[in-house]
Visitor: 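Below you'll find the structure I mean.
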Amino acid sequence: MRNREVADLLFKIADGLDLSGENFFKIRAYRKAGNVIKDLPEDIEKIYKDGNLTNIEGVGSGIAKKIEEYLTTGKMTKLEEVTKDVPESLFNLLNIRDLGPRTIHLLHKKLGVNDLQDLKKVIQNGSFSEIEGLGDKKAEKILENIKFYEERTGKDRRFTIGEVMPMVEEILANLKKSKSVKRFSTAGSLRRMKETVGDIDILIETAHSEKAIKEFISFPEIKKVLEAGKTKVSVMLKDIDIQMDIRVLPAESYGAALLYFTGSKDHNVKLRGLAIKKGLKINEYGVFKKEKMVAGKSEKEIYNLLGMDFIPPELRENRGEVELALEGKLPDLIDYNDIKGNLHTHTKYSDGKNSIKELASFAKDFGYSYLGITDHSAQAAYANGLKEDDLKKQIDEIDALNENLKDFRILKGTESDILPDGSLDFKDEILEKLDFVIGAIHSGFKKNVTRRMEKALENPYLTILAHPTGRLISSRVGYEVDLEKVMEKAKEEKKILEINAYYDRLDLNEFNAREANEKGIKLCISTDAHNFDMFKWMNLGVGIARRAWIPSNSVINTYVLADLLNIIKRNG
DNA sequence: GCCGTTTTCGGCCCGACTGTTTTCAGTCG
């Protein structure tokens, strides 16, 4: 897939034009095309070969030609033209908050600013503030933001959703206690359950906005207030240095604001386009016919007014959901409370923190009706993997525990390493005694991974293939694997692929998961829990599944026990 | 540069906040 690569070039052209003071709408056209291409599920090269480039939203003949040139020759003349007069170091300045292309262009033209050092110099010697439209306050602000920029990776830094959740939950708990706040919700990419978020958006409904804002900015989780108006507050949070935006709203606009700030941007633009055709205007305060407000209290009301069904936040990416909602044909998505058990967990036997009994009791209290125990196998020595005798002992322990459990069952499993030759780490005689078997690659990420996975999938004892791509969102690209082949084999062998909901894995990701589902492959959402606390990640997995348009009956751990056992029973 | 059930020109999503001014431009989301 070279989509990201092509999108980045278009973004670069947009930035370059921006820094040259070019026509605003031309710049936006490049940026829009980049955004659409970045999120396309199909490969841009394939689209080009099929002659369908201009069918992509936002790509006309001009941009199509540039993409064609790049795909066939490896260069893009337009980009070279644009960057000829803009020094590379000028692009970096765009990463500084409150410093945009117009100002950078001005500083470049009038003061010859070419890089960060120049910028600091002109602020310090006062020539910055002498330019019309700029001043001392702006100078001071920029200087402070330069510090921020230098301390961290810049304003484009993204956080995994699991990284920010704990802090968000603390803040939501604070809001729950507040007497001046009536309702609140997350919005933005967090509400859409994207695997990474750039910032955190929170909406609150209150009749006493001044009081609510004052209260909010005094929360202990807040490091610094960036701006604080009457309806909007931006702050930087402690520990993780992420920006949080709060919007304060009256009841009649709550739905409109939730819709607006949940996004995605592309989804909203689409809705507004539809609204215009109906003679309506949508903004964050409501839907308006001329001056008269005709909807806004709830999102559902607004969608219905536009003649469509309510669209769940996880689908709002302008990937066809609007068209389906208009026809009343949205997919019936898996829901957060459909899950009946966690089937990938570790105990003290290997590298987990809790005993089997503790974990089972927790899972039951969590509302689950079964729990799969899948400790590591011997090959995973770093994780204290189980030898055959340990596994036998564990089987006996689970049998004994099950005898005393009511309305709940512990399932006997293993997370067996897939060895270099593609075989599993236990003999058939012991695998036979288990309810199900997870296979996983934990070493040799570059060694015949595709072939090994295919062979493991052919093994009649294997039930589920864990974290099929092996990526870590924040740090690792994953296995050298031909996922297409692995999926074909899984389909052929009727095996299950895992969506590992551990926040830094989310593997399969939403695109792969959707592809697997379209092929008819069953999926399993698991948290790979090493303690109680990690059960909460299950929601992230469901979020990914919802973003992948997956229905409940495609995920095995939404089934009641009897049906689940039927599905995971060996040899069909 | 893109796009069209007001189509090949003339629009292009919309508003808050800030700092600079005194009506607005830049930046951000």
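Values in this document were obtained by computation on a predicted structure and should not be read as measured data. Each chain gets a letter, A, B and so on, in the order the sequences are listed, and its residues count up from 1.
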Visitor: Quick one: side chains of residues 194-204 of chain A, donor-acceptor pairs under 3.5 Å with protein atoms, not counting sequence neighbours, listed by atom name and distance.
Guide:
from	atom 1	to	atom 2	distance (Å)
A:Glu195	OE1	A:Arg471	NH2	2.8
A:Glu195	OE2	A:Arg471	NH1	3.2
A:Thr196	OG1	A:Arg158	NE	2.8

Visitor: Tell me if the CD atom of A:Glu80 is crowded by more than 12 foreign heavy atoms within 6.0 Å.
Guide: yes
Visitor: Looking at the side chain of A:Asn23, which of B:dG15, B:dG1, B:dG29 is the nearest nucleotide?
Guide: B:dG1
Visitor: Round to the nearest Å and state the distance from A:Glu22 atom CD to B:dG1 atom P.
Guide: 8 Å
Visitor: For DNA chain B, what residues of residues 64-77 of chain A have any heavy atom nearer than 4.0 Å?
Guide: A:Lys66
Visitor: Drop me the distance from A:Arg319's CZ to A:Ser264's OG, to the nearest 0.5 angstrom.
Guide: 8.0 Å
Visitor: If I pick the P atom on B:dT6 and the same atom on B:dG1, what distance separates them, to the nearest angstrom?
Guide: 27 Å
Visitor: Starting from the 5' end of DNA chain B, give me the residue, A:Lys78 or A:Val269, whose nearest nucleotide shows up first.
Guide: A:Lys78
Visitor: Judged by atom type as modelled, is there a donor-acceptor pair below 3.5 Å linking the side chain of A:Ser253 to the main-chain atoms of A:Ala256?
Guide: no
Visitor: How far does the C1' atom of B:dT20 sit from the matching atom of B:dT27, given to the nearest Å?
Guide: 13 Å
Visitor: Do the side-chain N or O atoms of A:Gln243 get closer than 4.0 angstrom to the phosphate oxygens (OP1, OP2) of B:dC28?
Guide: no
Visitor: Roughly, in whole Å, what's the span from CG in A:Asp266 to C1' in B:dG29?
Guide: 14 Å
Visitor: Does some side-chain heavy atom of A:Val322 sit less than 4.5 Å from a side-chain heavy atom of A:Leu271?
Guide: yes
Visitor: Provide, to the nearest angstrom, the distance between the CD atom belonging to A:Glu57 and the C1' atom belonging to B:dG1.
Guide: 14 Å
Visitor: Is A:Phe24 touching bases, backbone alone, or none of the nucleic acid, heavy atoms closer than 4.0 Å?
Guide: nothing
Visitor: Identify the heavy atoms of A:Pro312 and A:Arg316 that sit nearest to each other, and give their distance.
Guide: O-CG, 3.5 Å
Visitor: Using a 4.0 Å cut-off on heavy atoms, which residues in residues 25-38 of chain A reach DNA chain B? List them by number, or say none.
Guide: A:Phe25, A:Lys26, A:Arg28, A:Ala29, A:Tyr30
Visitor: Produce a footprint string for nucleotides 17-26 of chain B: one letter per nucleotide, 5' end first; B if the base is under 4.0 Å from any protein heavy atom, S if only the sugar-phosphate is, - if neither.
Guide: SSSS-----S
Visitor: Report the distance from atom CD1 of A:Ile246 to atom C1' of B:dC28, rounded to the nearest whole Å.
Guide: 16 Å
Visitor: Measure CG/A:Leu280 against C1'/B:dC14 and give the value in whole Å, please.
Guide: 15 Å
Visitor: Is it the case that the side chain of A:Asn283 and the backbone of A:Gly286 share a donor-acceptor pair, with hydrogens and angles ignored and the cut-off at 3.5 Å?
Guide: yes
Visitor: May I ask which nucleotide in the shown strands pairs with B:dT8, Watson-Crick or G-U wobble, both distances under 3.5 Å?
Guide: none
Visitor: Report which part of the nucleic acid A:Asp245 touches: base, sugar-phosphate, or nothing (heavy-atom distance under 4.0 Å, all strands).
Guide: sugar-phosphate
Visitor: Output the single nucleotide from B:dG29, B:dG1, B:dG15 whose closest atom is nearest the side chain of A:Lys281.
Guide: B:dG15
Visitor: Quickly work out the A:Leu259 CG to B:dC14 C1' distance and round it to whole Å.
Guide: 13 Å
Visitor: Please give the distance between the C1' atoms of B:dC14 and B:dC9 as a whole number of Å.
Guide: 24 Å
Visitor: When you compare B:dT23 with B:dC28, how far apart are their P atoms, in angstrom units rounded to a whole number?
Guide: 26 Å
Visitor: Could you check B:dT7 for me: syn (within 90° of 0) or anti?
Guide: syn
Visitor: Nearest-Å distance, CE (A:Met236) to C1' (B:dC28)?
Guide: 13 Å
Visitor: Mark yes or no for whether A:Thr469, through its side chain, and A:Asp507, through its backbone, hold a donor-acceptor pair below 3.5 Å.
Guide: no
Visitor: Rounding to the closest angstrom, what is the interatomic distance between B:dT8 and B:dC2 at atom C1'?
Guide: 12 Å
Visitor: Please answer whether the main-chain N or O of A:Pro551 pairs with a side-chain N or O of A:Asp332 as donor and acceptor at a distance below 3.5 Å.
Guide: no
Visitor: Should the ring pair A:Tyr503 and A:Trp537 be called parallel, tilted or perpendicular, given that the plane angle runs from 0 to 90° and is split at 30 and 60?
Guide: tilted
Visitor: Could you give all pairs that pass the salt bridge (charged side-chain N to carboxylate O under 4.0 Å, His left out) test and reach residues 47-61 of chain A, with sequence neighbours left out?
Guide: A:Lys32-A:Glu57, A:Lys46-A:Asp50
Visitor: Taking NZ, NE, NH1 and NH2 as the nitrogens, is one of them in A:Glu169 or A:Lys176 under 4.0 Å from a carboxylate oxygen of the other?
Guide: no
Visitor: Does any pair with a residue in residues 200-239 of chain A pass ring pair (Phe, Tyr, Trp, His ring centres under 6.0 Å), and if so which ones, sequence neighbours excluded?
Guide: A:Phe216-A:Phe219
Visitor: Between B:dT27 atom C1' and A:Leu93 atom CG, what is the distance in whole Å?
Guide: 15 Å
Visitor: With sugar-phosphate meaning primed atoms plus P, OP1 and OP2, does A:Glu140 contact a base, only sugar-phosphate, or nothing at under 4.0 Å between heavy atoms?
Guide: nothing
Visitor: Give a yes/no on whether any side-chain N or O of A:Tyr285 is located under 4.0 angstrom from OP1 or OP2 of B:dC14.
Guide: no
Visitor: Quick one: which of A:Asn35, A:Ile13, A:Asp18 gives a side chain to side chain contact (heavy atoms under 4.5 Å, CB included) with A:Tyr30?
Guide: A:Ile13
Visitor: Nearest nucleotide by nearest heavy atom, which residue falls closer to the 5' end of DNA chain B, A:Asn283 or A:Lys277?
Guide: A:Lys277
Visitor: Between B:dC12 and B:dT7, how many Å separate the two P atoms, rounded to a whole number?
Guide: 16 Å
